[in-house]
Amino acid sequence: MCGVVGIYSTSSVNVTLYDALTLLQHRGQDAAGIVTVDSMGLFRQRKANGLVRDVFQNKHMMRLQGNIGIGHVRYPTAGSSSAAEAQPFYVNSPYGIALAHNGNLTNARELKEKCDKAHRHVNTSSDSEMLLNILAWKLSDKDSDSLSANDIFDAIRGVNDEIKGAYAVVALILGVGLIAFRDPFGIRPMVLGKRIDENGKTEYMVASESVALDGANFTLERDIEPGEAIFIDMQGNLHSAICSASATLKPCIFEYVYFARPDSVMNGVSVYAARVRMGTKLAEKIKREYSHLDIDVVIPIPETSSDIAVEIAKILKVPYRQGFVKNRYIGRTFIMPGQKQRKKSVRNKLNPIPAEFANKRVLLVDDSIVRGTTSEQIVDMARDAGAKAIYFASAAPEIKYPNVYGIDMPTKKELIAFGKSNEQICKAIHADALIYQSLSDLQDAVREENPKLVSFETSVFNGEYITGDVTEEYFDYLDKQRSDDAKADKAWKDANEGLEIYNI
């Protein structure tokens with residue numbers, strides 16, 4: 001999962017890009033990057049591993065000149081943390097193009113072969129760099145010194161014909177403008193905002209989440225549609241077109257469960273409101289199927305599940321308490337690259353308040369259970385703190401299958417729910433009862449605010465991959481890329497490769 005942003009403004013965009021990336025930091029904590037176009041028509045770039053606040057120092061901000069730019073925050077879906085794979089990526093032909101991408105391409109290996117045949121060199125293992133080269137290849141077919149909006153949309157149609165998977169993309173073309181486009185299913189989110197400057201001229205921002213617009217006083221206009229491309233030329237004129245004949249909205253439902261900020265609005269749905277409704281649905285299931293549980297207190301596992309837990313406590317008419325204190329200076333353990341590091345991070349991240357657990361039958365509420373490692377440790381911490389009984393509720397259904405669309409879900413064998421019954425999972429995490437949200441209730445919780453959301457991308461729960469190209473052979477390939485052993489080996493190679501990344 002990553003975060004992207006692109007801005008066309010009548011004034012300098014460096015600080016606005018920085019602020020937007022800070023607001024999108026939850027989408028990636030591994031690396032950050034910004035590219036702008038200065039008054040001489042040259043790219044200015046800064047990217048490196050680390051958080052936004054650490055990557056961009058004052059000297060970098062001073063050099064990121066220009067009124068148009070793009071930015072990116074990353075966590076890697078294939079386990080690489082090499083600085084060489086920090087985005088945006090850049091190619092100098094044709095025109096000069098910089099690109100940032102959120103998502104994952106499921107036909108990356110085939111794209112590498114196509115890039116080789118087109119004599120386009122890909123310097124990393126990143127599918128985002130392959131996407132950039134496919135775009136450059138399609139643009140190079142345009143026999144024109146000055147690209148028109150139709151030329152760009154034709155090129156993006158060609159890109160959509162070549163690539164498969166999930167993608168929300170922002171790109172800069174030197175001397176031409178800013179483009180943004182979204183995959184034909186709208187799996188990964190992207191919104192469009194605008195504001196009016198002091199002279200009455202319109203400025204535009206595209207971003208992964210609406211919260212990035214809020215911080216810069218841009219007004220949320222709408223979501224970029226599935227298969228839609230946006231082009232903002234150097235004069236600030238906005239052009240748009242649907243560039244896929246098979247576009248249909250099927251957004252990733254896990255965005256609402258875990259990744260997106262609660263203050264964001266995506267696909268016409270408030271993330272906060274959706275999570276409250278998840279709590280309503282889950283509480284109704286507990287009343288209907290688990291009325292025998294004598295719950296004394298509802299305690300969330302910070303922070304995503306807090307809004308869900310409040311609603312559950314209200315409906316069950318039992319106290320809601322904050323039983324864990326979170327160390328906010330520890331990153332998301334779900335994103336941690338190795339099992340040992342995740343285990344250590346959970347203990348450093350959360351600390352129980354014993355008085356909230358002592359001699360109580362506790363309902364712990366979390367947004368989801370992935371590997372189960374975190375859940376097991378939290379249950380053990382609650383029991384050590386004196387809980388009499390521990391019941392565990394998940395706002396999402398059982399995660400049984402890997403994600404191939406940009407979320408770094410582990411291999412099937414590392415998912416605690418794969419091939420296990422509810423009783424087996426409950427025993428594995430040391431709980432006394434385990435309650436999962438049903439998939440139909442989860443979908444209803446999101447779509448109630450926007451009935452136009454007929455269906456979602458739900459492959460992690462039911463194994464149905466909407467792009468239609470995911471095979472067992474592809475899973476074998478993913479296993480080699482995503483297992484903890486593979487990530488540890490890749491991290492060692494990244495640390496010792498000796499690559500020099502030239503940035504300002």
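One-based numbering along the sequence shown. Keep in mind that the numbers below use all heavy atoms, side chains included, and drop hydrogens, waters and symmetry copies.
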Steps toward side-chain contact (heavy atoms from CB on, under 4.5 Å) verdict (Asn403, Asp408): CA-CA 7 Å; Asn403 185 284; Asp408 193 20; over 6 Å; no
With no hydrogens and no angle check, just 3.5 Å: does a side-chain donor-acceptor pair link [X] and [Y]?
X      : Y      : answer
Glu85  : Ser126 : no
Asn160 : Ser244 : no
Tyr256 : Asn267 : yes
Glu464 : Ser459 : no

Passes side-chain contact (heavy atoms from CB on, under 4.5 Å), Val73 versus Gln29? Steps please. CA-CA 7 Å; Val73 287; Gln29 302 164 20; over 6 Å; no
For [Y], is there any backbone N or O sitting under 3.5 Å from a side-chain donor or acceptor partner on [X]?
X      : Y      : answer
Arg277 : Ile308 : no
Glu228 : Glu225 : yes
Lys285 : Tyr436 : yes
Arg182 : Gly186 : yes
Thr458 : Phe461 : no
Asp19  : Asn14  : no
Thr467 : Lys164 : no
Arg157 : Cys243 : no
Tyr204 : Gly6   : no
Arg261 : Glu209 : no

Indicate yes or no: does Glu303 engage Lys326 in a salt bridge with an N to O separation below 4.0 Å. yes
Could you tell me whether Glu129 and Lys112 make a salt bridge, using a distance below 4.0 angstrom between a side-chain N and a carboxylate O? no
As a quick check of understanding, evaluate salt bridge (Lys or Arg N to Asp or Glu O under 4.0 Å) for Arg74 and Asp30, giving each step before the final call. CA-CA 5 Å; Arg74 178 194 74 174; Asp30 186 71; 2.3 Å; yes
Do other residues, nucleotides or ligands put more than 12 heavy atoms under 6.0 Å from the [atom1] atom of [X]?
X      : atom1 : answer
Lys138 : NZ    : yes
Phe43  : CZ    : yes
Arg109 : CZ    : yes

Report the C-alpha distance between Met205 and Val191 in whole Å, list the side-chain angles of each, state the deciding distance to 0.1 Å, and finish with yes or no for side-chain contact (heavy atoms from CB on, under 4.5 Å). CA-CA 8 Å; Met205 178 190 287; Val191 296; over 6 Å; no
Step by step, work out the salt bridge (Lys or Arg N to Asp or Glu O under 4.0 Å) result for Arg27 and Glu255. CA-CA 10 Å; Arg27 301 186 67 86; Glu255 289 273 0; 2.9 Å; yes
Parallel under 30°, tilted from 30 to 60°, perpendicular over 60°: which one fits the rings of Tyr75 and Phe259? parallel
Hey, does [Y] have a side-chain heavy atom less than 4.5 Å from the side chain of [X]?
X      : Y      : result
Leu282 : Met278 : no
Asn462 : Leu439 : yes
Thr248 : Phe185 : yes
Ile399 : Ser368 : yes
Leu131 : Leu99  : yes
Cys115 : Val122 : yes
Ile466 : Ile187 : yes
Leu249 : Pro251 : yes

In Å and rounded to the nearest 0.5 Å, what is the [atom1] to [atom2] distance from [X] to [Y]?
X      : Y      : atom1 : atom2 : answer
Ile68  : Ile173 : CD1   : CD1   : 10.0 Å
Thr106 : Asp127 : OG1   : CG    : 9.5 Å
Ile230 : Ile224 : CD1   : CD1   : 5.0 Å
Met266 : Asn450 : CE    : CG    : 12.0 Å
Leu213 : Ser264 : CG    : OG    : 8.5 Å
Asp444 : Lys281 : CG    : NZ    : 5.0 Å

Stepwise, does the side-chain contact (heavy atoms from CB on, under 4.5 Å) test hold for Ile301 with Phe392? CA-CA 10 Å; Ile301 297 169; Phe392 202 102; 3.6 Å; yes
Provide the closest heavy-atom pair for [X] versus [Y] in the form atom of the first, atom of the second, distance.
X      : Y      : value
Ser210 : Asp263 : OG-O, 4.2 Å
Phe89  : Ser128 : CE1-CB, 3.9 Å
Leu23  : Val211 : CD1-O, 3.4 Å
Pro300 : Gln322 : CG-OE1, 3.9 Å
Tyr90  : Gly96  : CE1-CA, 4.3 Å
Tyr18  : Met61  : CB-CE, 3.7 Å

What do the steps show when you test Arg195 against Glu221 for salt bridge (Lys or Arg N to Asp or Glu O under 4.0 Å), and what is the final call? CA-CA 10 Å; Arg195 70 182 181 189; Glu221 289 292 296; over 6 Å; no
Could you tell me which residues satisfy ring pair (Phe, Tyr, Trp, His ring centres under 6.0 Å) with Phe475, sequence neighbours excluded, listed by chain and number? Tyr465
Please name all residues satisfying salt bridge (Lys or Arg N to Asp or Glu O under 4.0 Å) with Lys420, sequence neighbours left out, ordered by chain then number. none
